[in-house]
Amino acid sequence: MTTPNKTPPGADPNQLKRTGTVREIGSQAVWSLSSCKPGFGVDQLRDDNLETYWQSDGSQPHLVNIQFRRKTTVKALCIYADYKSDESYTPSKISVRVGNNFHNLQEIRQLELVEPSGWLHVPLTDAHKKPIRTFMIQIAVLANHQNGRDTHMRQIKVFTPVEESSIGRFPRCTTIDFMMHRFIR
């Protein structure tokens, strides 16, 4: 069981992006949920608004499924949780699973959250501290604070590392992009 890295109050994943070492790739995935109340689904989970949220509507575990069209390198998840606003709807135990599809998911992290407030940074690395490569990520809410039934998640971000080359940092480039850069310099 691990505890996610907490950011200082007010810190957000955009600070990670500004370092130039990662980029957010959630828009490249297909997102699905085990359940949701009408008007509290994937759109609210991904709208960059900390006032909106996904609300589950059913029995636990509550699932967020993130599926990529091709095997994708993922370095970290960032999850926004706010116990003060959500109380018994706030997750207290989360499992992060990865795999090729629903049938071969393997748990790589289990998190215990104690009244979280702010962004939780969850590294997704293998035993050698390298970012994982996967087709699918599943976030399972196993328990809520105060034995709450349904859950709230306010935002989830997915980050991949930006690859480095011998002439500087580039997002994943094609050979043509690389050659064009050499001519422009």
Side-chain angles (χ1 to χ4, degrees), residues 4-70 72-98 102 105 109 111 113 115-124 131-132 134-145 148-162 171-172:
N5 300 325
K6 290 187 180 179
T7 55
D12 68 54
N14 289 325
Q15 292 175 338
L16 282 176
K17 288 192 326 192
R18 285 192 281 276
T19 67
T21 60
V22 296
R23 64 186 169 91
E24 211 280 334
I25 56 168
S27 63
Q28 296 174 17
V30 175
W31 293 65
S32 63
L33 305 167
S34 55
S35 67
C36 68
K37 296 263 188 201
F40 295 90
V42 170
D43 290 342
Q44 289 70 36
L45 191 57
R46 296 284 302 153
D47 66 4
D48 289 323
N49 181 348
L50 299 179
E51 300 300 315
T52 63
Y53 49 86
W54 161 52
Q55 181 173 331
S56 64
D57 187 20
S59 57
Q60 290 174 342
H62 304 300
L63 306 174
V64 177
N65 302 303
I66 307 164
Q67 295 177 275
F68 296 98
R69 288 173 180 82
R70 68 185 122 193
T72 301
T73 303
V74 181
K75 184 175 185 173
L77 289 175
C78 291
I79 301 170
Y80 191 86
D82 187 359
Y83 178 77
K84 286 186 173 108
S85 296
D86 298 326
E87 296 179 341
S88 67
Y89 289 91
T90 308
S92 62
K93 186 185 273 188
I94 294 175
S95 170
V96 179
R97 305 159 182 169
V98 299
F102 286 99
L105 293 170
R109 296 273 185 277
L111 312 170
L113 308 177
E115 298 185 5
S117 177
W119 287 100
L120 307 168
H121 291 245
V122 184
L124 298 184
I132 60 151
T134 189
F135 280 102
M136 182 174 182
I137 301 168
Q138 183 178 77
I139 302 166
V141 177
L142 305 177
N144 289 324
H145 284 76
R149 179 175 167 245
D150 287 322
T151 200
H152 286 180
M153 276 197 190
R154 293 186 171 263
Q155 293 292 301
I156 298 175
K157 304 287 181 192
V158 184
F159 289 97
T160 190
V162 172
R172 190 165 290 194

Parallel, tilted or perpendicular: which one describes the rings of Tyr83 and His145, with boundaries at 30° and 60°? tilted
Show the numbers, then the answer: is there a side-chain hydrogen bond (donor to acceptor under 3.5 Å, both in side chains) between Asn65 and Gln138? CA-CA 5 Å; Asn65 302 303; Gln138 183 178 77; 2.8 Å; yes
Arg97 and Met136, any side-chain heavy atoms less than 4.5 Å apart: no
How about Phe159 and His121: do any of their side-chain heavy atoms sit closer than 4.5 Å? no
Counting C-beta onward and ignoring hydrogens, is there a side-chain heavy-atom pair between Val158 and Ile66 closer than 4.5 Å? yes
Could you walk me through whether Gln155 and Asp47 pass the side-chain hydrogen bond (donor to acceptor under 3.5 Å, both in side chains) check? CA-CA 8 Å; Gln155 293 292 301; Asp47 66 4; 2.9 Å; yes
Give a yes or no on whether the backbone of Leu63 and the side-chain of Ser34 come within a donor-acceptor separation of less than 3.5 Å. yes
Between Ile137 and Leu124, is there a side-chain heavy-atom distance shorter than 4.5 Å? yes
Evaluate the side-chain proximity of Tyr80 to Leu120: yes if any heavy-atom separation is below 4.5 Å, no if none is. no
Of the non-hydrogen atoms in Thr160 and Thr73, which two are nearest, and what is the gap between them? OG1-O, 2.6 Å
Verify, without hydrogens or angle tests, whether Thr90 (side chain) and Glu87 (backbone) share a donor-acceptor contact under 3.5 angstrom. yes
Does Arg70 CZ have over 12 foreign heavy atoms under 6.0 Å away? no
Using the ring of each side chain (for Trp, its six-membered ring), is Trp54 parallel, tilted or perpendicular to His62, with breaks at 30° and 60°? perpendicular
Least distance between heavy atoms, Val141 atom then Met153 atom: CG2-CE, 3.4 Å
In Å and rounded to the nearest 0.5 Å, what is the CD1 to OG1 distance from Ile25 to Thr72? 5.5 Å
Could you tell me which non-hydrogen atom of Trp31 sits nearest to which non-hydrogen atom of Gly26, and how far apart they are? NE1-O, 2.8 Å
Quick one: does any side-chain atom of Arg109 pair with a main-chain N or O of Pro123 as donor and acceptor, under 3.5 Å? yes
Steps toward side-chain contact (heavy atoms from CB on, under 4.5 Å) verdict (Val64, Leu45): CA-CA 10 Å; Val64 177; Leu45 191 57; 4.1 Å; yes
Any side-chain heavy-atom pair from Trp119 and Leu50 closer than 4.5 angstrom? yes
Any pair counted as salt bridge (charged side-chain N to carboxylate O under 4.0 Å, His left out), so long as it reaches residues 56-65, sequence neighbours left out: Lys37-Asp57
Is the shortest heavy-atom distance from the side chain of Val122 to the side chain of Cys78 under 4.5 Å? no
CA sep, side-chain torsions, deciding dist, call: Ser88, Asn144, side-chain hydrogen bond (donor to acceptor under 3.5 Å, both in side chains): CA-CA 6 Å; Ser88 67; Asn144 289 324; over 6 Å; no
Taking the side chain as C-beta and beyond, is there a heavy-atom pair between Arg154 and Asp86 under 4.5 Å? yes
Any chance you could lay out the side-chain contact (heavy atoms from CB on, under 4.5 Å) test for Ile94 and Leu142, step after step, and finish with the verdict? CA-CA 6 Å; Ile94 294 175; Leu142 305 177; over 6 Å; no
So, for Pro161 and Lys75, which heavy atoms are closest and what is the spacing to 0.1 Å? CD-CB, 3.8 Å
